[in-house]
Amino acid sequence: MKNKIDSILTTTLQHCFNNGKLNQTPLPDYTVEIPNHSDHGHFATNLPLTLAPSQKRRPTEIAQIIVDHLMDSEDILLKVDIAGPGFINFTIRTEQWHKCLAQIIALKDDYGRSRQGNGEKVLVEYVSANPTGPLHLGHGRGAALGDTLCRILAYCDYRVTREFYINDAGRQIQLLGESIYSRWKQMSNRNHPFPENAYHGDYIVELAKEISNQTDLDGLTQDQAIAHCAKLGKEKMLQEIKRDLADFGMTFDVWYSETDLFSSGLLDKSIETIKGTGYLYEKDGAIWIKTSELGDDKDRVIKKSDGEFTYFASDISYHLEKWKRGFSKAINIWGADHHGYVQRMKGALKANGIGEEWLTVLLIQLVKLWKGGQELKMSKRAGQFVTLRELMDEVGVDAARFVFLSKNHDSPLDFDIDLAKKHDSDNPVYYVQYAHARICSIFRKAEEEGISLTQDPKTVLERLILNEEMALIRSMAEFPSLLETICIVFEPHRLTYYLTELASLFHKYFNLGMKVPENRIICGDSSLSLARLFLADAIRIVLYNGLTLLGIHAPERM
RNA sequence: GCGCUCAUAGCUCAGUUGGAUAGAGUGACGGACUACGAAUCCGUAGGUCGCAGGUUCGAAUCCUGCUGGGCGCACCA
């Protein structure tokens, strides 16, 4: 609908240019939006205001010209007003809204889909946890964000690749091996020392048991045993991570291993490529990249004087590989503690001629866990953290995902585990799910009464005239453009807010029937009942589609 | 110290990328089931959008400075 207003405006403007009512100028950056106040109509545009400087006329004058020449070929407008300093307010004919509703019902599961992505290839890399321990809450937030974003992007015709970068090279894995080895040693000798900065979690003990059962560690040298523990530990952790994520409702297309970068020689090749750019130099026996000339605060080492590559080196290589794979856009979801890393990554890409808009890094802020009114401090190294698995077991996947997407990724999240655990109305996810279940219940009731939606909606929808009914339709009409917006700003939390709002409109509408039976959906008047059932069906469709994009179930009963 | 980021109702947060009179949830108080599901709804109360300037028709939103939180500043990953 918004698009229709927009096209009316552009054709009108063109018309005014052609007949000389307005001076031919480039199209200004105007907006068409839904006003905050109902007396401002269904849509409002600031076009006259944005046109004023180039036309050198007063906005209200321009507004009058536009309104006088409005090209409403489909006759969708009921009322057009000029208001305030130069806004134009549009009110849409009720029949048009009824058409919108009919379209939702016709499209069903596809309502909300769009062509906006145009088949563009997008890579989303998320979670990417080190396989040195179970996934924790922070990973859960990144996972929920990434997965939902991917679902929405795919729905809007982006060709999405979901990728998990496995940080399986370097110190962390070595440390994992040492940790497991020490725990194994401690099984026979309580006093065997445990490395200071090693992983303390109980899962290490479990791994030590499993691995020592499978392998005769006594038959190996210490170094061999540690290497073996590292390798098996890593594999087992990765399996667990995959299982956790699958149970959390998501799958990945690519598991990209850092060690593969080394073994395949890609890393060396990438470094060679960068050398050609002239951004590398040697100093103090190390190789540096001049990121300071590319937006970073200082130059960075990519190969240490001991001959080893830094983590940054493999990360550059990894991103160059992403680029070569032909994605028109890459999105990374990182913990906010890595934000200092963004500029250097973009700098390194720039050195290779890759524009900085190619890579978008979404930073997710800390998740604080509350239980019993107290904050639970988490620390992976100290082995004290709540795992994603524990969270899923305690609060359920639906509630966890909903809470993770209940705030902008950019703001810290307080996860109140007691609240999310409650299977009652305090828990926000139930509000939306209940709306869906309630509608399903109405349909069960309708079936009992022998009412079914077999006829053409168009024959009865004109019976929908209540303000609450129109508000519902208008809200649902926004759904497709909401999804398009999310694809541009990468903020899936808007969907949770939207669904809560839609559920709220429905609950309000439903409650009209509490006191006034004529306002019920099944109300005694057969064509009106049908019309309202069609409306309810559309709401169910939108709630279902929205919840599915969030990876949350839309239950028929609760 | 430098950089990034955030600051909106008692609390937790939205705010359609600059629009008209700033909104939800929660908490507090008061109401609505003989009923399509009360896991719901209605009402009341609650604000100098951290502070001060600037940009313009118009600022919670943009620019500058300040204050206060978070995070980052390794030849670690």
Side-chain angles (χ1 to χ4, degrees), chain A residues 2 29 31 33-37 39-40 44-46 49-50 52-53 58-60 83-87 89 130 132 167 169-173 175 258 283-288 296-298 300-306 308 310-312 314-315 335-343 363 365-366 406-408 410-414 416 419 422-428 430-431 433-435 437-446 448-449 478 481-482 485 488-489 493-494 496-498 500-501 503-504 506-515 517 520-523 529 532-533 536 557-558:
Chain A
K2 194 188 273 188
D29 206 7
T31 57
E33 54 189 18
I34 298 165
N36 289 327
H37 283 88
D39 36 320
H40 294 152
T45 183
N46 61 354
L49 289 159
T50 58
R58 297 223 317 272
T60 45
F87 292 99
N89 296 336
N130 291 352
T132 54
N167 239 243
R171 295 274 157 74
Q172 303 295 342
I173 297 297
L175 198 56
E258 184 185 3
K283 195 181 88 177
D284 306 330
I287 299 176
W288 299 67
D296 196 9
D297 357 337
K298 54 178 89 168
R300 306 290 174 177
V301 171
I302 60 172
K303 192 175 192 177
K304 298 185 274 179
S305 53
D306 66 5
E308 276 199 45
T310 60
Y311 172 86
F312 186 40
S314 47
D315 222 10
D337 52 339
H338 289 79
H339 79 260
Y341 206 77
V342 176
Q343 272 316 310
L363 298 173
Q365 293 289 341
L366 212 65
S406 66
K407 292 189 171 54
N408 192 321
D410 211 19
S411 84
L413 175 68
D414 284 320
D416 185 334
L419 183 65
K422 282 193 189 170
H423 286 217
D424 66 22
S425 60
D426 293 340
N427 197 333
Y430 291 101
Y431 186 79
Q433 289 183 317
Y434 177 51
R438 212 176 200 184
I439 294 171
C440 292
S441 166
I442 295 169
F443 275 94
R444 287 191 291 270
K445 171 85 177 173
E448 278 172 28
E449 304 204 358
E478 276 183 75
S481 60
L482 170 79
T485 303
I488 292 165
V489 298
H493 74 282
R494 292 182 188 224
T496 57
Y497 279 91
Y498 170 80
T500 305
E501 173 68 27
S504 167
F506 169 71
H507 286 311
K508 276 176 205 186
Y509 177 54
F510 182 89
N511 272 276
L512 292 179
M514 289 285 192
K515 281 206 171 141
R520 291 204 205 161
I521 288 171
I522 300 169
C523 60
S529 297
R532 287 178 175 169
L533 283 167
R557 285 194 167 84
M558 294 172 70

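As the structure is a prediction and not an experimental result, all values here were calculated from the model.
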- Query: When the C1' atoms of A22(B) and G3(B) are considered, how many whole Å apart are they?
  - Reply: 32 Å
- Message: Counting the atoms with a prime plus P, OP1 and OP2 as sugar-phosphate, which does N36(A) contact under 4.0 Å by heavy atoms, base, sugar-phosphate, or nothing?
- Response: base
- Message: So, does R438(A) get its side chain near the phosphate of A38(B), meaning an N or O under 4.0 Å from OP1 or OP2?
- Response: yes
- Could you tell me which residues satisfy ring pair (Phe, Tyr, Trp, His ring centres under 6.0 Å) with H507(A), sequence neighbours excluded, listed by chain and number? Y431(A), Y434(A)
- Message: Students often get this wrong, so: under 4.0 angstrom with heavy atoms, is P85(A) touching a base, only sugar-phosphate, or nothing?
- Response: base
- Would you mind classifying the nucleic acid contact of V342(A) as base, sugar-phosphate or nothing, using non-hydrogen atoms under 4.0 angstrom? nothing
- Task: Choose from G23(B), U40(B), U17(B) the nucleotide whose nearest atom is closest to any side-chain atom of H37(A).
- Result: G23(B)
- Pairwise side-chain contact, R300(A) with Y341(A), heavy-atom cut-off 4.5 Å (strictly under): no
- Query: Any side-chain heavy atom of F312(A) within less than 4.5 Å of one from V301(A)?
  - Reply: no
- Message: I'd like to know if R444(A) and E448(A) make a salt bridge, using a cut-off of under 4.0 Å between side-chain N and carboxylate O.
- Response: no
- Message: I'd like the P distance from A32(B) over to C13(B), given in whole Å.
- Response: 35 Å
- Query: Rounding to a whole Å, what distance do you find between F510(A):CZ and A35(B):P?
  - Reply: 12 Å
- Query: Counting only N and O atoms by type, is there a donor-acceptor contact under 3.5 Å from the side chain of T485(A) to the main-chain atoms of S481(A)?
  - Reply: yes
- Task: Compute whether any side-chain donor of one residue and acceptor of the other, for T132(A) and Q172(A), lie under 3.5 angstrom apart.
- Result: no
- Got a donor-acceptor contact below 3.5 angstrom from the D284(A) side chain to the A286(A) backbone? no
- Item | Distance in angstrom units between I521(A) CD1 and U40(B) P, rounded | 17 Å
- Query: Picking from U21(B), U12(B), C36(B), which would you name as closest to the side chain of R520(A)?
  - Reply: C36(B)
- Looking across every strand, which nucleic acid part, if any, lies under 4.0 Å from N89(A) by heavy atom: base, sugar-phosphate, or nothing? base
- Query: Expressed as a whole number of Å, how far does the C1' atom of G47(B) sit from that of A60(B)?
  - Reply: 12 Å
- Note on the structure: From OH of Y497(A) across to C1' of G23(B) the rounded distance in Å is 11 Å
- With centres under 5.5 Å and planes under 30° as the test, does H40(A) stack with A20(B)? yes
- Task: Side-chain contact test, heavy atoms from C-beta onward, threshold under 4.5 Å: evaluate it for N167(A) versus S314(A) and give yes or no.
- Result: no
- Distance, P atom - from A14(B) to G53(B), rounded to whole angstrom: 28 Å
- Message: Just to be sure I understand the rule, does P412(A) reach a base, reach only the sugar-phosphate, or reach nothing, if contact means heavy atoms closer than 4.0 Å?
- Response: sugar-phosphate
- Could you tell me whether a side-chain N or O of T60(A) sits under 3.5 Å from a main-chain N or O of G86(A), the two making a donor and an acceptor? no
- Spacing of the P atoms in A28(B) and C57(B) (rounded, Å): 48 Å
- Task: Please report, rounded to the nearest Å, how far the C1' atom of U17(B) is from the CG atom of D410(A).
- Result: 14 Å
- Message: If you define the side chain from C-beta out and look only at heavy atoms, does anything of F87(A) sit under 4.5 Å from H40(A)?
- Response: no
- R58(A) CZ to C57(B) P: how many Å, rounded? 14 Å
- Message: Using OP1 and OP2 only, check whether a side-chain N or O of K508(A) sits under 4.0 Å from C42(B).
- Response: yes
- Message: Please report the distance, rounded to the nearest Å, between OH in Y498(A) and P in U16(B).
- Response: 17 Å
- Is any side-chain N or O of S411(A) closer than 4.0 Å to OP1 or OP2 of A14(B)? yes
- Message: By a 5.5 angstrom centroid cut-off and a 30 degree plane limit, is there stacking between Y431(A) and A39(B)?
- Response: no
- Task: Provide the distance between the two P atoms, one in A24(B) and one in A9(B), to the nearest whole Å.
- Result: 15 Å
- Query: Where does C33(B) land, syn or anti, given syn is within 90° of 0?
  - Reply: syn
- Scan I302(A) against the nucleic acid and name what it touches under 4.0 Å (heavy atoms): base, sugar-phosphate only, or nothing. nothing
- Item | 5' priority, RNA chain B, between E478(A) and E33(A) [closest heavy atom] | E478(A)
- Task: Using atom NZ of K407(A) as one end and atom P of U8(B) as the other, report the distance to the nearest whole Å.
- Result: 13 Å
- Query: If you measure from the P atom in C6(B) to the same atom in U48(B), how many Å do you get, rounded?
  - Reply: 23 Å
- Task: Would you mind building the protein contact string for nucleotides 71-77 of chain B? One character per nucleotide, 5' to 3', B for base within reach (heavy atoms under 4.0 Å), S for sugar-phosphate only, - for untouched.
- Result: BSSSBSB
- Task: Measure the shortest side-chain to side-chain distance between W288(A) and I302(A) over non-hydrogen atoms and say whether it is less than 4.5 angstrom.
- Result: no
- Under 3.5 Å donor-acceptor, S504(A) side chain and T500(A) backbone: no
- For A435(A), report the nucleic acid contact type (base, sugar-phosphate, nothing); a contact means any heavy atom under 4.0 Å. nothing
- Message: When the C1' atoms of C4(B) and U40(B) are compared, how many Å lie between them, rounded to an integer?
- Response: 44 Å
- Item | Closest-nucleotide ordering on RNA chain B, the 5'-leading residue of H493(A) and K445(A) | H493(A)
- Task: Assign A83(A) to base, sugar-phosphate, or nothing according to its heavy-atom contacts below 4.0 angstrom with the strands shown.
- Result: base
- Task: May I have the distance from R444(A) (atom CZ) to G37(B) (atom C1'), rounded to whole angstrom?
- Result: 9 Å
- Reading RNA chain B 5' to 3', what string of ( ), [ ], | and . shows its pairs, if Watson-Crick and G-U wobble pairs count only when both distances fall under 3.5 Å? (((((.(..((((.....[...)))).(((((.......))))).....(((((..]....)))))).)))))....
